[in-house]
*Asks:* 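One structure, as structure tokens, below. Some questions next.
Side-chain atoms are counted along with the backbone in the values below, which use heavy atoms only and exclude waters and symmetry mates. Numbered from 1 within each chain, the chains take letters A, B, ... in sequence-line order.
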Protein chains: 2
Amino acid sequence: MREGPDIAYVSTLIGDPARANMLTLLMSGKALTVSELAEEAGVTIQTASSHLSKLHTGGLLRPRKQGRHKYYALANEDVARLLEGVMGLAAGVGHLRRRTGPKDAQLRHARVCYNHLAGALATQMFDSLMAKRHLVLKGDDLILTDAGAAFARDFDIELDVLHSARAPLCRECLDWSERRSHLAGSLGRAFLIRFEELSWVKRVEQTRIVSFSRSGDEAFRKLFSIERP
Amino acid sequence: MREGPDIAYVSTLIGDPARANMLTLLMSGKALTVSELAEEAGVTIQTASSHLSKLHTGGLLRPRKQGRHKYYALANEDVARLLEGVMGLAAGVGHLRRRTGPKDAQLRHARVCYNHLAGALATQMFDSLMAKRHLVLKGDDLILTDAGAAFARDFDIELDVLHSARAPLCRECLDWSERRSHLAGSLGRAFLIRFEELSWVKRVEQTRIVSFSRSGDEAFRKLFSIERP
DNA sequence: CTGATGCTTCGATAAAGGTCGAACTATGCG
DNA sequence: CGCATAGTTCGACCTTTATCGAAGCATCAG
């Protein structure tokens with residue numbers, strides 16, 4: 001019974017409260033320094049340093065040195081997806097660390113998941129893309145149809161660049177608050193970037209919240225045929 | 001940043017080697033007893049009992065008592081998916097099987113359990129009913145949906161008669177060869193009766209074996225959308 | 001009833017690992 | 001160069017928790 005991958009090792013890494021805090025922070029997609037992570041996680045710098053080094057060894061984080069700073073970020077999108085999955089299950093158990101507050105509602109509505117959009121609006125966007133057959137599910141793979149490609153190009157997303165990258169173009173990501181899929185992959189990322197370029201959305205500093213401007217919300221809903229609630 | 005679900009709690013649950021072993025075992029989809037899980041995980045029964053109780057509290061497992069045995073299975077598909085994700089990240093693949101139950105192939109395939117159908121075909125029938133939302137799980141109770149009721153009536157099962165009976169309509173029964181659920185209760189019984197009426201099946205005298213006719217097997221598979229192996 | 005089996009609870013033990021103070025290295029700034 | 005800042009390493013606590021023996025329930029078979 002010693003076969004199979006070592007899920008205990010990875011889970012133990014995530015299982016420590018301080019490390020879990022840091023990982024949750026890094027879900028914003030940003031790279032943060034040791035000190036920043038230490039403060040947010042509520043531990044001293046020494047402790048944080050030790051934790052981060054373990055997370056790196058475990059392949060969950062990717063460090064980058066810049067001058068005398070050391071930045072840590074999630075190693076890749078798989079890590080982000082896994083964390084999102086754990087959040088989903090934890091939320092399903094009804095095990096929230098904090099009571100639902102105003103911030104929580106905003107998080108559920110629209111937030112960043114690593115580098116793409118998540119939350120209620122993101123799942124609706126995903127549903128729209130599926131309904132219009134811009135995306136289709138082929139087995140477990142998500143495929144961008146010709147119509148979908150045209151739609152993306154129309155939105156000034158340079159698909160050729162995305163295709164040349166190694167990362168998968170389209171990917172499903174399970175939304176922990178909505179318990180439905182939203183769009184990940186380089187296309188999901190490209191969409192978020194365009195939203196920011198167009199000033200439809202703004203990131204709220206220090207959080208994962210994504211805030212839509214009034215006109216941005218309208219344009220977004222129009223683009224994806226989402227009715228006002 | 002202390003928002004969001006408590007991922008540390010769930011991860012800690014998975015993070016213990018003994019628990020991880022058990023969860024990996026249960027990825028087979030089968031329900032296993034405390035003793036079996038203890039042995040496979042390499043710990044004593046007391047320790048296993050404690051672990052399993054924690055996993056239950058954490059919402060990862062669903063226990064069922066049958067006689068003096070206690071069977072544990074993964075709580076739902078989300079848990080399985082999460083574990084699959086962790087395995088993916090932990091790199092490597094491994095699946096593990098364990099032969100259980102009667103050795104007779106015919107018995108394993110289809111047999112009578114008290115008054116309803118059991119065996120591989122029965123668990124597939126059950127899975128089909130669940131997948132099509134003819135049955136839904138509400139807490140520990142199995143509920144026949146409107147769609148399910150229509151489906152049953154369409155199959156000439158007189159639901160009114162069943163409802164008037166004192167016995168519960170739907171009930172999960174743990175299949176001892178498959179270690180998964182199949183349908184019991186008066187509805188489960190009614191289905192078997194109909195199968196016999198239609199000559200889809202015949203009971204083999206002196207045994208619990210249920211033998212499907214060639215055409216009966218085909219009709220059965222069509223009714224429940226079960227692919228030929 | 002009695003004995004056997006499956007599982008749970010309790011308590012003591014021991015190992016693991018998170019934590020922080022202190023000392024140390026490395027980089028940047030004047 | 002000296003000094004400040006960022007991060008690491010070391011060592012010593014100390015909380016947490018996995019573990020198993022022993023005893024206690026619960027269920028089943030005669």
Side-chain angles (χ1 to χ4, degrees), chain A residues 1-2 6-26 30-58 60-73, chain B residues 2 6-26 30-58 60-73 98 100-101 113-114 173-174 176 179:
Chain A
M1 161 65 253
R2 303 272 180 279
D6 192 354
I7 65 175
Y9 173 64
V10 172
S11 299
T12 299
L13 281 179
I14 309 177
D16 176 76
R19 286 196 290 260
N21 272 333
M22 298 179 184
L23 289 169
T24 303
L25 268 167
L26 292 170
K30 287 185 180 174
L32 298 173
T33 65
V34 178
S35 336
E36 287 169 333
L37 289 165
E39 187 180 355
E40 293 289 342
V43 293
T44 61
I45 299 182
Q46 310 95 284
T47 306
S49 174
S50 159
H51 283 313
L52 292 167
S53 142
K54 282 173 189 167
L55 288 171
H56 174 221
T57 305
L60 297 187
L61 295 187
R62 190 163 54 96
R64 286 159 152 190
K65 274 190 92 164
Q66 228 164 66
R68 54 180 167 178
H69 295 270
K70 192 164 182 183
Y71 287 90
Y72 278 99
Chain B
R2 282 166 181 70
D6 191 351
I7 64 174
Y9 173 64
V10 172
S11 299
T12 299
L13 281 179
I14 308 175
D16 177 77
R19 286 196 291 261
N21 273 335
M22 298 179 183
L23 289 169
T24 303
L25 271 166
L26 293 170
K30 293 183 178 180
L32 298 172
T33 66
V34 177
S35 337
E36 288 169 331
L37 289 165
E39 188 183 350
E40 293 288 343
V43 293
T44 62
I45 298 180
Q46 311 95 283
T47 305
S49 175
S50 159
H51 282 314
L52 292 167
S53 150
K54 283 173 190 169
L55 288 171
H56 170 48
T57 303
L60 297 187
L61 295 186
R62 191 161 59 99
R64 271 177 289 177
K65 276 190 91 164
Q66 196 130 319
R68 55 182 164 179
H69 296 270
K70 189 160 182 183
Y71 288 90
Y72 278 98
R98 178 188 162 89
T100 44
C113 174
Y114 185 40
C173 183
L174 196 60
W176 54 295
R179 297 300 176 89

*Asks:* How close or far is atom C1' of dT19(C) from atom CD1 of Ile45(A), stated in whole angstroms?
*Replies:*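 Atom CD1 in Ile45(A) sits about 14 Å away from atom C1' in dT19(C).
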
*Asks:* Once you apply a heavy-atom cut-off of 4.0 Å, does Ala18(B) come out as touching a base, just sugar-phosphate, or nothing?
*Replies:*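 Result for Ala18(B) = sugar-phosphate.
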
*Asks:* Do Leu60(B) and Ile14(B) come within less than 4.5 Å of each other through their side chains, counting heavy atoms only?
*Replies:*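 Sidechains of Ile14(B) and Leu60(B): in contact.
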
*Asks:* Restricting to side chain to side chain donor-acceptor pair (under 3.5 Å), what partner residues turn up for Thr33(A), sequence neighbours left out?
*Replies:*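 Listed in chain order: Glu36(A).
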
*Asks:* From Leu61(B) CG over to Leu37(B) CG, what is the distance, rounded to the nearest 0.5 angstrom?
*Replies:*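 One gets 8.5 Å once the value is rounded to the nearest 0.5 Å.
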
*Asks:* Distance check needed: dG18(C) C1' versus Leu13(A) CG, whole Å only.
*Replies:*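 In whole Å, dG18(C) C1' and Leu13(A) CG are 13 Å from each other.
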
*Asks:* Quickly work out the Leu37(A) CG to dT19(C) P distance and round it to whole Å.
*Replies:*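 Taking atom P of dT19(C) as the reference, CG of Leu37(A) is at 14 Å.
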
*Asks:* Calculate the interatomic distance between Asn21(A) atom CG and dG18(C) atom P; express it in whole Å.
*Replies:*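 Distance, rounded to whole Å: 14 Å.
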
*Asks:* At 4.0 Å (heavy atoms only), tell me whether Thr33(A) reaches a base, stays on the sugar-phosphate, or touches nothing.
*Replies:*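 Thr33(A): backbone/sugar contact only, no base atoms under 4.0 Å.
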
*Asks:* With rounding to the nearest 0.5 Å, note down the distance linking CG in Leu55(B) to CZ in Arg19(B).
*Replies:*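 It is 6.0 Å, given to the nearest 0.5 Å.
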
*Asks:* Classify every nucleotide of nucleotides 20-30 of chain C by which part a protein heavy atom approaches to under 4.0 Å, writing B for the base, S for the sugar-phosphate alone and - for neither, in 5'-to-3' order.
*Replies:* BBB----BS--

*Asks:* Please list, in 5' to 3' order, the outermost nucleotides of DNA chain D lying under 4.0 Å from any heavy atom of chain A.
*Replies:*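 So the outermost contacting nucleotides come out as dA4(D) to dT9(D).
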
*Asks:* With sequence neighbours left out, write down each residue that passes side-chain contact (heavy atoms from CB on, under 4.5 Å) with Ala18(A), or none if nothing qualifies.
*Replies:*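 Expected list: Asp16(A), Val43(A), His51(A).
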
*Asks:* Let me see the working for Leu13(B) and Lys54(B) under side chain to side chain contact (heavy atoms under 4.5 Å, CB included), right down to the final yes or no.
*Replies:* CA-CA 8 Å; Leu13(B) 281 179; Lys54(B) 283 173 190 169; 4.1 Å; yes

*Asks:* Roughly how far apart are Ile7(B) CD1 and Thr24(A) OG1, rounded to 0.5 Å?
*Replies:*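 So the gap between those two atoms works out to 3.5 Å.
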
*Asks:* To the nearest Å, how far apart are Ile14(A) CD1 and dG17(C) C1'?
*Replies:*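 Answer to the nearest Å: 18 Å.
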
*Asks:* If you measure from NE2 on His56(A) to CZ on Arg62(A), what distance do you get to the nearest 0.5 Å?
*Replies:*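 With rounding to 0.5 Å, NE2 (His56(A)) is 9.5 Å from CZ (Arg62(A)).
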
*Asks:* Do the side-chain N or O atoms of His51(A) get closer than 4.0 angstrom to the phosphate oxygens (OP1, OP2) of dT19(C)?
*Replies:*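 The answer is yes; a side-chain N or O of His51(A) sits under 4.0 Å from OP1 or OP2.
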
*Asks:* Who are the side chain to side chain donor-acceptor pair (under 3.5 Å) partners of Thr47(A), not counting sequence neighbours?
*Replies:*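 Result, side chain to side chain donor-acceptor pair (under 3.5 Å) vs Thr47(A): Thr44(A).
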
